[in-house]
Amino acid sequence: MFGLIGHSTSFSVAKKRAEQLGYMEHAKGDLDTWCSTPPQLLETFTVQSRTGKEISGAYIDSCFLPEMLPSRFKTAARKVQNAMAYAQKQGFSITALGGFTSIIFENFDLARFQKVRSTLLEWKRFTTGNTHTAWIICRQVEENAPRLGIALEKARVAVVGATGDIGTAVCHWLQQRTGVQQLLLVARHRGRLEVLQQELGDGSQILPLEQAVPEADVVVWVASLPKTVELNTSNLRRPCLMVDGGYPKNLDTRLHGPDLHVLKGGIVEFWRDIGWHMMQIAEMERPNHQMFACFAEAMLLEFEGWHTNFSWGRNNISLAAMEQIGQASVRHGFQALGLRDLVTTPVLSAS
Ligand code: NDP
């Protein structure tokens, strides 16, 4: 059996969900109520691969909320640990740490946080799911930019959150496998950006957000932002593809304009219906088919019997691992979410 650990995108969303699920104390409670709530197993379900193999899984809400950061970081971290200990006690072979859960965990000094009361966490039972997420985001760029007439070998691609676990993998892939013309690297800490730029060499440039976004034909958003960014759309290049892989979303979902296309990043569609409710809660367009790529990674590891912490720590994702999980993804019936209702445009020069 596999597990998925998730959380709500905000306090207000969490309260609404609690009301829908009949948890009235939490629907009416304040942040302190949520801080003291243990993890909740909300659902169990089965999933069938295109190969015919069937597996069982469970969804656990860690009851972590982005509003707990940064002032209640210890509480937030404890909630992640408690959810992990719970998953391990249930005997799940592999569990994905969704959304901010993995980010909090990546920041830990692992050895110090391995013990949760009487439980010693076994790292091999957990994955951040970031390798599959990075691969899916790259596929979303590769499949959708040409549909808008953007030739990637002549395109400038800004990566916001470039130095993060997913961002770094995306940069390396887009440079080495996709062959984009130029990468524009955006993050706050200059030192980490310089290290990444040295690794990438020619063909990458460090720019502040306000400068990078208007210069880019494609923008990949993979920054760990607790709130969405306000964007001035008047000075963007057209056509422009924005792939928003953040959770919570980095961009306002209502953002639109002529030749400006925003795609939900890091989301996959499964080949058949899954009889679960949790993705309705996550506001997916087709909740029985769509899910976060990190959750899909736990399913892939379970389908394949790769019971190992496939994605772990920060900036350890290799292109070979992305290829490996990508092949498994296709084999079992996952597909990257694409732009809908588009007539394919002939590829134009983006420079
Ligand atoms: P990391 O914490 O490893 O990286 C975050 C990156 O964002 C860093 O480069 C960080 O650099 C940058 N960043 C943070 N704040 C800002 C800011 N204000 N302006 C510019 N850059 C910023 O995160 P991950 O790579 O693990 O995850 C990235 C995103 O993807 C998250 O939103 C996460 O929730 C989401 N995600 C989605 C999944 C899915 O299945 N769809 C799965 C896993 C994650 P610096 O601190 O220097 O600014």
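Below, each value reflects all heavy atoms present in this structure, side chains not excepted, and no hydrogens, waters or symmetry copies. Whatever order the structure lists them in is the order used to number ligands and atoms, beginning at 1. Count residues from 1 along the sequence.
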### Message
With nothing but distance in play, are any N or O atoms of I166 less than 3.5 Å from an N or O of ligand 1?
### Response
yes
### Message
Counting only nitrogen or oxygen atoms and a 3.5 angstrom limit, does V186 reach ligand 1?
### Response
no
### Query
What part of T128, side chain from CB on, backbone N/CA/C/O, both or neither, has a heavy atom under 4.0 Å from ligand 1?
neither
### Query
Does N130, backbone or side chain, put an N or O under 3.5 Å from an N or O of ligand 1?
yes
### Query
Does the cation-pi check pass for K249 over Y247, that is, NZ or CZ under 6.0 Å from the six-membered ring centre and within 45° of its axis?
no
#### Entry: salt_bridge(D217, R237) N-O dist < 4.0 Å
yes
### Query
When rounded to the nearest 0.5 angstrom, what is the spacing between CG in L185 and OG in S204?
5.0 Å
### A293 N/O under 3.5 Å from ligand 1 N/O
yes
### Query
Could R190 and E194 be called an ion pair, given the rule that one side-chain N must be under 4.0 Å from one carboxylate O?
yes
### Message
Checking D273 against H289: is there a side-chain donor and acceptor pair closer than 3.5 Å?
### Response
yes
### Query
Do any nitrogen or oxygen atoms of G167 lie less than 3.5 angstrom from nitrogen or oxygen atoms of ligand 1?
no
### Task
Say whether I267, considering both its backbone and side-chain N or O atoms, lies within less than 3.5 Å of an N or O atom on ligand 1.
no
